[in-house]
Amino acid sequence: MTWRFSLRTRLIMNRLIITAFFLASAAPALSQQSTASLPPPVLVDPNVAALRDDALEGDHYAWDVVEGLTTEVGQRLAATDAEARAREWGVQKLKTMGFSNVHIEPFTMPVWTRGAESAEIVSPFPQKLAVAALGYSGSTSPAGVTGEIVYFDSVDALRAAPDSAVKGRIVFIDHHMMPAQDGSGYGQFGAPRRQGPTIASRKGALAIVIRSIGTDHHRNPHTGVQYFTDGATPIPAGALAVPDAEQLVRILKRGKPVTMHLTLVSQRSEGARSGNVIAEVPGRDPKAPVILIGGHLDSWDLATGAIDDASGVAITTAAARHIMDAGRPLRTIRIVWFGAEEPGGLGGKAYAEAHGKEPHAIAAESDFGADRIWRFSSQLMKTDPPTYAQLTAALAPLGITKNDNGDADGTDVEPTVAAGAPWISLNQDGTRYFDWHHTPDDTLDKIDPAQLRQNVAAWTAMLAILSGGIESGPKQLKRR
Ligand SMILES: [Zn+2]
């Protein structure tokens, strides 16, 4: 026999059970523990809260930067004329916004540019597939190459294959990346792109195509960098759009040999110029360690790089501007719009070479889109618990949780962190990020202005806490 209670009866019973449990367990503990032994409450400085809430409500600086940069410069491939125009745009913008010490720190690097590209199945079912070359791919002739496809479900399967299975063929590597809030699939499933071309080349492959490292089902291939290492000869290396990779898998499953014609023309030349754009909010104490923040100015060439990473430079610059609006911080805030992140973090390395030995109070980068920040982590948890508690309290009203097990984030600040700078990571929600990352779809319309403002509010609160105190003086005129 089964006793059946009405929903209302069950709710009342549950409440009674919970109340009884609380009285039995919690009440004795409370009576034994005086309030003096509880940790002191952490209250948010009202000035910090006001700055944060103003940014959340009304920031327009970030939108101005991201809209302006993506509209007036557009795509900004590293070490090209377009990236140089972006640097000039940045210098003008940062000066107009009232920042100090605005300048470019140049460096040289090889430049790679894309030419004509296409992929088609020749047999058994002739049809075109959507493809894009990976950065620093080898080039085919304009006539392209034709070869039989050899399938691998992972980069390790390719690694384990005998050379004879690969030689003279076009390698295809599949994978199964899924969306995740923390973007954690990118590390593992990015291996076909990062390592696949070198392994395929060393086994004598004619070329390689991978399933795009992405989580969407649009016919947009995802490009991205790869390097030929270990003396591997550059071979043509491309990414198929996810639906096209799935189409190729279905064709392969029919069991007949599959032949592909692949054209991936590209150019590479040495000694091209890139650079970092640097600006500062001067601190009251020029000797105090600086706060380093920023994002990367370059983008891939397939789109305007709104989420990767015009939004990052916009968010961090806007936050610094909000501090400047409030007065003068004790510490200098240094904003860096890093050049040439996409080809391998060259701007970050150049910055660390020039400035890595200077004392830094913190290093932080925004380079994961423009969706809301959902959690943060920092080395300060161990080195400065009271400040970590302040940050936790100030960020909580924005829906941001602390992550006691997090890591330093951001390719560009990595070398500076490796040189000893403490770090903080404000992690954005990456659920949608790999739908658009490195595709023709990385455009301004993907940015939600409300979530962008939440980012600015979080960075503003972080800067306000770490700046060492802001002395309100004659405020700067608000300039757009
Ligand atoms: Zn990026």
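Just so you know, residue 1 is the first one in the sequence shown, and it goes up from there. Side-chain atoms are counted along with the backbone in the values below, which use heavy atoms only and exclude waters and symmetry mates.
Side chains of His355 and Glu105: a donor on one and an acceptor on the other come within 3.5 Å. Side-chain contact, Asp153 with His176: no donor N or O sits under 3.5 Å from an acceptor N or O.
Checking each of Asp445, Asp441, Thr439 against Thr443 for a side-chain hydrogen bond (donor to acceptor under 3.5 Å, both in side chains) leaves exactly one that passes, namely Asp445. Under the side-chain hydrogen bond (donor to acceptor under 3.5 Å, both in side chains) rule, His438 has a single partner from Asp301, Thr223, Asp308, which is Asp308.
Contact check on Arg202 versus Asp230 returns no salt bridge, with no Lys/Arg side-chain nitrogen under 4.0 Å from an Asp/Glu carboxylate oxygen. Here Glu120 does not pair with Lys128 in a salt bridge; the nearest charged N to carboxylate O distance is not below 4.0 Å. Salt-bridge formation is detected for the pair Arg87/Glu83: a Lys NZ or Arg NE/NH1/NH2 atom is positioned less than 4.0 Å from an Asp or Glu carboxylate oxygen. A salt bridge links Asp163 with Lys203: the closest approach of a Lys/Arg side-chain nitrogen to an acidic carboxylate oxygen falls below 4.0 angstrom. With respect to Glu341 and Lys349, no salt bridge is recorded, no charged nitrogen being found less than 4.0 Å from a carboxylate O.
With hydrogens and angles ignored, the 3.5 Å screen pairs a side-chain donor or acceptor of Ser378 with a backbone N or O of Trp423. Using a distance-only test at 3.5 Å, with no hydrogens or angles considered, no donor-acceptor pair links the side chain of Arg193 to the main chain of Ser212. Side chain of Gln267 to backbone of Trp112: no donor-acceptor contact under 3.5 angstrom is found. Thr140 places no side-chain N or O within donor-acceptor distance of the main-chain N or O of Val145, the cut-off being under 3.5 Å.
Ile315 and Ser366 get closest at one heavy-atom pair: CD1-OG, 3.9 Å. The two residues Leu264 and Ser137 make their nearest non-hydrogen contact at CD1-OG, 4.5 Å.
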Quiz item: So Phe172 and Phe152, side chain to side chain contact (heavy atoms under 4.5 Å, CB included) or not? Walk me through it.
Solution: CA-CA 6 Å; Phe172 168 52; Phe152 297 99; over 6 Å; no

Exercise. Could you walk me through whether Leu302 and Arg114 pass side chain to side chain contact (heavy atoms under 4.5 Å, CB included), step by step?
Key: CA-CA 10 Å; Leu302 299 178; Arg114 183 185 309 279; 3.6 Å; yes

Practice problem: Decide side chain to side chain contact (heavy atoms under 4.5 Å, CB included) for Ile170 and Val150; before the verdict, give the C-alpha distance in whole Å, the side-chain angles of both, and the deciding distance to 0.1 Å. | Solution: CA-CA 6 Å; Ile170 298 176; Val150 53; over 6 Å; no

Practice problem: Go through the steps to decide whether Thr416 and Tyr351 satisfy the test side chain to side chain contact (heavy atoms under 4.5 Å, CB included), and finish with yes or no. | Solution: CA-CA 8 Å; Thr416 303; Tyr351 176 86; 3.3 Å; yes

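Atom CD of Glu57 has 12 or fewer heavy atoms from other residues, nucleotides or ligands within 6.0 Å. Enclosure of atom CG in Asp448 by more than 12 non-hydrogen atoms of other residues, nucleotides or ligands within 6.0 angstrom is indicated. For Arg372, the CZ atom sits in a packed shell: over 12 heavy atoms of surrounding residues, nucleotides or ligands are nearer than 6.0 Å.
Side-chain contact between Asp371 and Arg432 is present, with at least one heavy-atom pair separated by less than 4.5 Å. Looking at Lys446 and Leu444, their side chains never come closer than 4.5 Å, going by heavy atoms from C-beta outward. Using a 4.5 Å heavy-atom threshold, the side chains of Phe338 and Asp298 count as separate. Taking 4.5 Å as the limit, some side-chain heavy atom of Met177 sits within range of a side-chain heavy atom of Thr215. Using a 4.5 Å heavy-atom threshold, the side chains of Trp374 and Asp182 count as touching. Residues Ile447 and Glu67 are not in side-chain contact: their nearest non-hydrogen atoms beyond the backbone lie 4.5 Å or more apart. Annotation: side chain of Leu248 is not in contact with side chain of Asp174 (no heavy-atom distance under 4.5 Å).
Separation of the Tyr186 and His437 ring centroids falls under the 6.0 Å cut-off. Ring to ring, Tyr61 and His322 are close: their centroids are under 6.0 angstrom apart.
In this structure, Arg194 is not positioned above the aromatic face of Phe228 in the sense of NZ or CZ being under 6.0 Å from the six-membered ring centre and within 45° of the axis.
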